Structure formats: structure tokens, C-alpha cells
Amino acid sequence: VNVFAEVVFPIPVDRTFHYAIPEALRSRALAGCRITAPFGRRKMTGFIVALMDKIPPGPFDIKEIADVLDETPSFSGSFLSFSRRLGSRYFASWGEILQAALPPTLLPREEKKIRLTPLGAEVLAAEGLTKRDREVAILLRDGPRSPSYVAGKLGIKDPGPRLEKMQSRGLVETRVVARRPRPPVESGPAKAQRQLEFGFAPSGPSALAGIESGIAAGEFGSFYIMGPEDARRDAYARLIQATLAVGRRVIFLTPEISQAEALRGSGTAGPGSSAVLLHGRLAGRAREEEWRKLLEGRADVVVGPSSALLAPLAGVGLIVVDEESDESYDQAEGRLFDARGGARLRAEEEKAVFVRGSAWPSVEAYHEAVAGGGLIVLESGRRKFAVTVLDDRGEKGLLSNALKARLSERLGKGDPVILLVNRRGYSPYVFCPRCGHTPKCPRCDIAMGYHRKGEQWVCHYCNSRLPASSRCPKCGGTLVQRRAGGIEALEEEIRKLAPRAAVARFDSDEAGREKERDRVIDDFRRGRISILLATRLLFHRSDVPRVPFAVMLSPETLLGLSDYRASQKVFQSIAKMTGFVADDTRAEAVIQTSNPSHFSIRAAAAGDYRMYYDAEIEIRRAMNYPPFTRLAEVLFQGADPRSLARKSREFRARLEDRGGDIEVLGPALAAVARVRGRTQIQVILKSSDGKALETLLRESLEKIRIKKSVRLS
Ligand SMILES: [Zn+2]
Ligand SMILES: [Zn+2]
């Protein structure tokens with residue numbers, strides 16, 4: 001009989017805990033169920049991950065599980081093993097991953113309760129309390145209450161200090177209790193809930209046959225579908241159909257909700273598979289209902305952003321990660337895992353086919369797809385519009401004269417126009433106006449940041465420092481610092497140029513809310529807006545109308561990013577800009593840049609991915625970056641820069657003690673040196689042995705008690 005349970009809690013501690021299961025709960029305590037149990041001095045909600053009839057002997061007392069919260073398990077066995085691997089791979093605890101997989105309405109809530117102690121009751125009865133303390137004690141006489149209840153009854157704002165004083169005298173005590181989540185209510189279809197229909201193309205390229213046979217065989221396989229959006233969508237529809245035909249299910253990841261919603265309208269009503277959208281913008285109850293549909297097998301397809309990877313559906317046969325190179329899949333601050341790596345893990349675990357796709361793959365993914373034989377290229381016709389590169393060196397203002405002339409001509413004809421800027425150029429951004437060169441670290445080949453303190457350029461990877469000379473090392477020209485032109489400045493210039501034109505902005509400040517963004521796109525489509533100014537935020541929209549004239553301003557500012565992927569970002573942002581241009585001989589895409597000869601800009605202008613890739617892969621090889629090595633970026637955060645610096649040096653020392661085939665760069669101030677008053681310090685690890693890297697990281701990070709995030713590539 002299983003009388004013990006192995007339990008994890010949603011805390012950043014990477015281990016499991018053992019509990020005894022009391023007789024009365026044994027029939028209900030199953031693996032995958034949520035439970036409450038005493039943990040330290042309080043009761044916490046956790047998850048049963050395994051049951052056992054005996055446990056390893058230990059010095060500790062075995063406590064009992066207090067309650068089982070689920071009638072049926074929230075997680076299947078295969079999901080449990082997947083989530084364990086996912087957590088371990090990305091340095092999150094198993095319990096944290098399980099918590100992230102639950103809809104918020106099922107998340108354990110904890111409450112503080114204040115209780116009168118026997119001593120308190122005694123003193124109250126003996127009339128030994130002051131007036132205020134007495135009032136509190138009387139409130140608590142009939143049972144524990146929350147501090148806010150006490151505050152409300154006594155008419156005071158913060159009862160904290162009084163309660164603390166009483167607690168220190170032993171009159172009251174505080175307990176944290178887990179509140180049992182409300183049971184689900186059967187609700188009608190919520191407003192945000194949508195049935196998705198996938199249109200099925202009757203035939204498709206025979207190249208997909210290989211993927212289809214993998215799906216039919218129920219084997220893990222990895223593929224990359226490279227091609228324009230329309231062609232990809234048809235291919236996905238065919239693969240989804242093939243998966244449903246063998247009775248298996250589909251996880252479809254796409255970076256933005258508008259893209260997920262666009263899938264709904266992607267075709268005619270096909271054989272109605274039930275698909276659900278799962279994302280953070282669904283209201284609590286609606287999201288829980290969609291989640292239950294997946295858990296109970298009432299839906300076969302889930303569509304959503306990274307978080308949908310944790311959807312509870314069983315029998316997954318196909319996992320698609322569309323727009324593979326999108327940054328929203330990255331393991332950045334606040335995200336527990338990298339969605340691409342995580343999707344591969346889940347596909348392996350479920351013996352599913354793993355398909356990534358985009359028009360412009362990341363260098364790593366393309367390299368792997370070519371090497372592994374899983375690359376499928378869907379042909380796109382030659383584009384009919386022209387792409388022009390305008391050199392803005394020596395021009396004043398954000399808009400060059402040549403661009404102004406083109407804009408005026410287009411506006412005169414009544415053509416709608418899109419102008420894109422990169423606000424992501426971290427300033428101050430140092431560059432040579434004569435040759436366009438950005439000073440780079442000779443060791444790391446990434447752009448160096450300028451630090452006023454000490455007049456230095458600093459490499460954010462290896463912490464190398466060079467005196468900030470004012471001469472360009474390439475051509476001897478005078479280096480200048482400039483800020484990447486922001487969208488506000490652009491708006492000002494455009495309004496001067498075309499005072500009567502209807503101008504709108506699409507960026508996170510001006511069009512902050514989703515509704516507002518939808519409205520801007522809608523107005524643009526209806527012709528109420530003639531000039532749309534946008535940041536990279538626009539790339540996530542698949543409902544932008546194609547225009548006869550689109551412009552990318554200063555893509556080279558992205559080369560100033562302290563990131564080995566900088567040139568990939570340049571290529572991709574230009575390539576995506578050209579995606580907004582109507583495929584028409586009268587249409588034109590313009591790139592205005594002060595670095596027109598950079599290979600990423602030339603290749604993007606030519607629309608030639610292979611040209612970009614061939615140049616970039618050689619740099620990656622020479623400088624030893626992924627895909628030729630595994631790289632881990634460890635970011636430490638702390639309010640006190642000194643102790644942060646000390647701890648990150650300790651971390652480095654610990655890594656070096658272990659030796660092995662691992663290169664350590666840093667600690668160095670991160671490219672974004674301060675975030676919300678906290679200093680950020682980065683340490684980079686490189687190794688050709690991914691397993692060794694992960695093991696070393698795990699062991700070395702364990703002892704560093706500061707806020708940290710790790711990004712593996
Ligand atoms: Zn120069
Ligand atoms: Zn360096």
C-alpha cells in the first residue's frame with residue numbers, strides 16, 4: 001500500500017519532501033493532486049509527485065498530509081516527468097513549474113490569521129489588558145481572524161504594530177493558512193473563450209510527407225519549416241489534421257495573441273476539431289474552463305504563447321513553435337524556461353513531433369535543421385517590390401532628405417505609410433559617422449558600452465576595458481555618441497513634414513493596452529490613419545494591412561546591443577519590415593542607415609537569408625558562440641552593488657575551482673546595468689559540453705543566495 005507521498009512545493013528549493021498519508025485520505029491522494037501539508041511552521045499547498053510504500057530512512061519526523069484538494073489529479077504522469085525535466089533544465093524548481101502550469105484560479109492562496117493564545121484568554125479574563133488590547137482580544141475570542149478584519153472592526157489602518165506587540169507578549173499568535181480554492185463551477189461558454197477552426201488545405205508540398213509519417217509512427221522527430229506565413233499556415237493545418245487523424249493532440253505556440261487569433265480565421269470551417277486558446281489575457285474563470293477542457297480531453301488543440309507549453313493535455317503528438325526566432329520565447333527575467341528548448345523536451349517526453357517554423361530562422365536553429373536533415377523550405381515567389389538602402393551619414397535630423405522626398409510623394413498620392421524605429425538601441429551608443437563602425441570588444445566581438453566614469457568602453461561579456469578614445473579604430477574618423485532616435489522624436493519630425501496627415505503611434509507607451517492597439521490597427525486598415533509610426537511591437541501583429549511604402553530607420557543601432565545575436569536582430573527586423581510591404585511593382589521598402597555596408601543590412605535588403613547566414617555562421621565559429629558552444633548567461637540582481645560584486649566574484653571563483661572545459665567571462669556590469677533600483681551583474685559561461693555546463697551551474701548556483709536568472713543557449 002502507498003502510505004507515503006513525495007511532495008514538491010512552489011518554492012525555489014530544488015528538492016522533494018516526504019509525508020505520510022493518513023488512512024482517511026489514501027483513496028484520494030494520487031500523484032498529480034494538490035495537497036496541503038505542514039511545512040516548517042506553516043501549512044502550505046504542494047503537489048504529490050509520487051506515491052510509495054516505504055521511504056528512505058532519515059533523521060526527520062515524518063509529518064502527515066493535511067488535506068487533498070483535488071478530486072482527480074491536476075497533472076498526468078507524463079506531465080509530471082516532463083515538468084521535472086523542464087525545471088531541472090532551466091534551474092526552476094519542480095514545484096514552481098507545476099504552479100506556473102495551473103490557471104490562477106486554482107493557485108493556492110495563503111492567508112494570515114491571528115489567534116488568541118490560552119495565555120491571552122487568561123489575561124483577558126483577568127482584566128489585565130489595556131483598552132485597545134482588550135478590544136483586539138475580544139474580537140479574537142471566538143476564533144482566528146485576519147489582520148484586515150481586525151483593522152476594519154477597530155477602525156484603524158494598520159493593526160500590525162499592536163498585533164506584533166501582543167504577539168511578543170505571547171497574547172496572540174499568527175498562522176499562515178492555505179485557503180482552499182473554490183470548487184469549479186460549470187459555466188456556459190465565456191466571452192473570451194473561442195472555438196478555433198483550422199482550415200485544411202486539400203494538398204500540400206510533398207516535403208511534409210516525412211513529418212506526417214513521423215506523426216503516424218508516434219516517434220520523436222525535429223523539423224524546421226521555413227517559408228512565408230501563408231505557406232506555413234497551410235502546412236501546419238495539414239500536420240494538425242494528420243495528428244488528429246491518429247487520435248493524438250496538438251500544442252501550437254505562437255508569440256502573440258493576435259497571431260493566435262488570426263489562426264482562427266485562417267480557413268474555412270474544417271472538420272471541427274475542438275481547439276482552445278490559452279493565454280494570460282483570458283479572465284480567471286474562462287481560463288480555468290479552457291484548462292479543464294484540455295485536462296479532461298474535451299479539446300484536442302491548444303494555441304497560445306510560451307505558457308501554453310504547460311497545458312495539461314495528454315497524448316500530445318505534435319508541438320509547433322511558430323515564429324521560432326521571436327524573443328518572447330526567450331528565458332528572460334520572470335520567465336521560468338525557454339519555450340523552444342522546453343517544447344523539445346516535452347516532444348521527447350511525449351514521443352511527439354517537434355516542428356519549428358518561421359520565415360527567417362535563428363542562426364542556431366537553421367544550423368541544426370540543416371545538419372539534422374529536418375529543414376523544409378516552402379518556396380516563396382520572388383518579391384516584386386523594390387528595396388532601397390538610403391545612407392544617412394552626414395544628414396541632419398532623423399529623416400534624410402531623400403527619405404523626406406519619397407514620403408512627401410507617397411503622401412501626395414494618398415498612399416498609407418509605415419515607419420519603424422528601433423527603440424532598443426541602448427544609449428549612449430557610440431559609432432563612427434564616417435564608416436558606421438561601432439567599437440567592439442576584441443575578445444568577444446560584441447559592442448562595448450561607454451561608461452562616463454573613467455571615460456572607458458566596457459565589454460559587458462568579459463569586462464575588458466579600453467580608454468574611450470574619440471578616434472574610430474577602423475578609419476580614424478571622429479566617434480560620436482548618439483541616442484537611437486526614439487519614436488517621440490520621429491513623431492515630431494513627421495508632424496513637421498506633414499502637418500495635415502493623420503499620424504498614429506504603435507508602441508508600448510502610446511498604444512499600451514491591447515484594445516488600444518487593436519483600434520490603431522483597425523483605423524489604419526480603414527484609412528483613417530495615413531502614417532503609422534511603430535516600434536518592433538508591430539512585428540507581432542499579423543493583421544497589419546500591406547502597404548505600398550514602409551521604412552526601417554537606423555536598424556544598425558541594434559548592432560550596439562551587447563549581445564552576440566545583435567546582427568541577427570538587425571537582419572530580422574529589416575526582413576520583418578519588408579513583410580509589411582504589398583507585393584506590387586509600385587511598392588517600395590526603404591532602409592535608412594548609417595552602416596549600409598554591414599552584411600546583415602545588405603543581406604536583409606536583398607531578402608537573402610542564406611547570404612546573411614553564411615557570413616554570420618563564420619563569425620559564430622571564429623568567436624566560439626552558439627551553435628558551436630553552449631552558452632549560459634547568468635544575471636545576478638541586488639540592491640547593494642558591493643555585496644553583489646563580491647558574491648558574483650565568489651561565484652566565478654567557485655566555477656574556476658571546478659576547472660574543466662569551461663570558459664568564464666565576467667563578472668561584468670550587465671548591458672542594462674540597473675533595473676528598478678537594482679544593479680545587474682552578468683557572468684557568462686561557455687562550454688562545448690552542455691551537460692557539464694548544466695551540472696556545474698546547478699552546483700555553483702545552489703550556494704549563491706541572491707536573485708538570479710539564467711539564460712541558456
Ligand atoms: Zn570609422
Ligand atoms: Zn569582451
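One-based numbering, in listed order, for ligands and for the atoms of each. Keep in mind it's a predicted model, so treat the numbers as computed, not measured.
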Can you list, pair by pair, the side-chain donor-acceptor contacts under 3.5 Å of residues 382-389, counting residues two or more places apart and other chains?
from : atom 1 : to   : atom 2 : distance (Å)
R383 : NH2    : A605 : O      : 2.4
T388 : OG1    : E588 : OE2    : 2.4

* Structure fact -> Residue set satisfying side chain to side chain contact (heavy atoms under 4.5 Å, CB included) with E368, at least two apart, ordered chain then number -> S222, R344, R356
* To do: Using a strict 4.0 Å threshold on nitrogen-to-oxygen distance, state whether R621 and E618 make a salt bridge.
  => yes
* To do: Mind checking ring pair (Phe, Tyr, Trp, His ring centres under 6.0 Å) for Y612 and listing every partner two or more places apart, or none if nothing turns up?
  => F571, F599
* **Ion pair R642/D640, N-O distance below 4.0 Å** => no
* Structure fact -> The expected count of protein N/O/S atoms at less than 2.8 Å from the Zn ion (ligand 1) is 4
* Asked: Between N463 and G666, is there a donor-acceptor pair closer than 3.5 Å when you use the side chain of the first and the backbone of the second?
  -> no
* To do: Evaluate side-chain contact (heavy atoms from CB on, under 4.5 Å) for D326 paired with F539, printing each intermediate quantity in order.
  => CA-CA 10 Å; D326 196 272; F539 294 149; over 6 Å; no
* Asked: Hey, what's the angle at the Zn ion (ligand 2) spanning SG (C441) and SG (C444), nearest 10 degrees?
  -> 110°
* To do: Check whether any N, O or S atom of C462 sits under 2.8 Å from the Zn ion (ligand 2).
  => yes
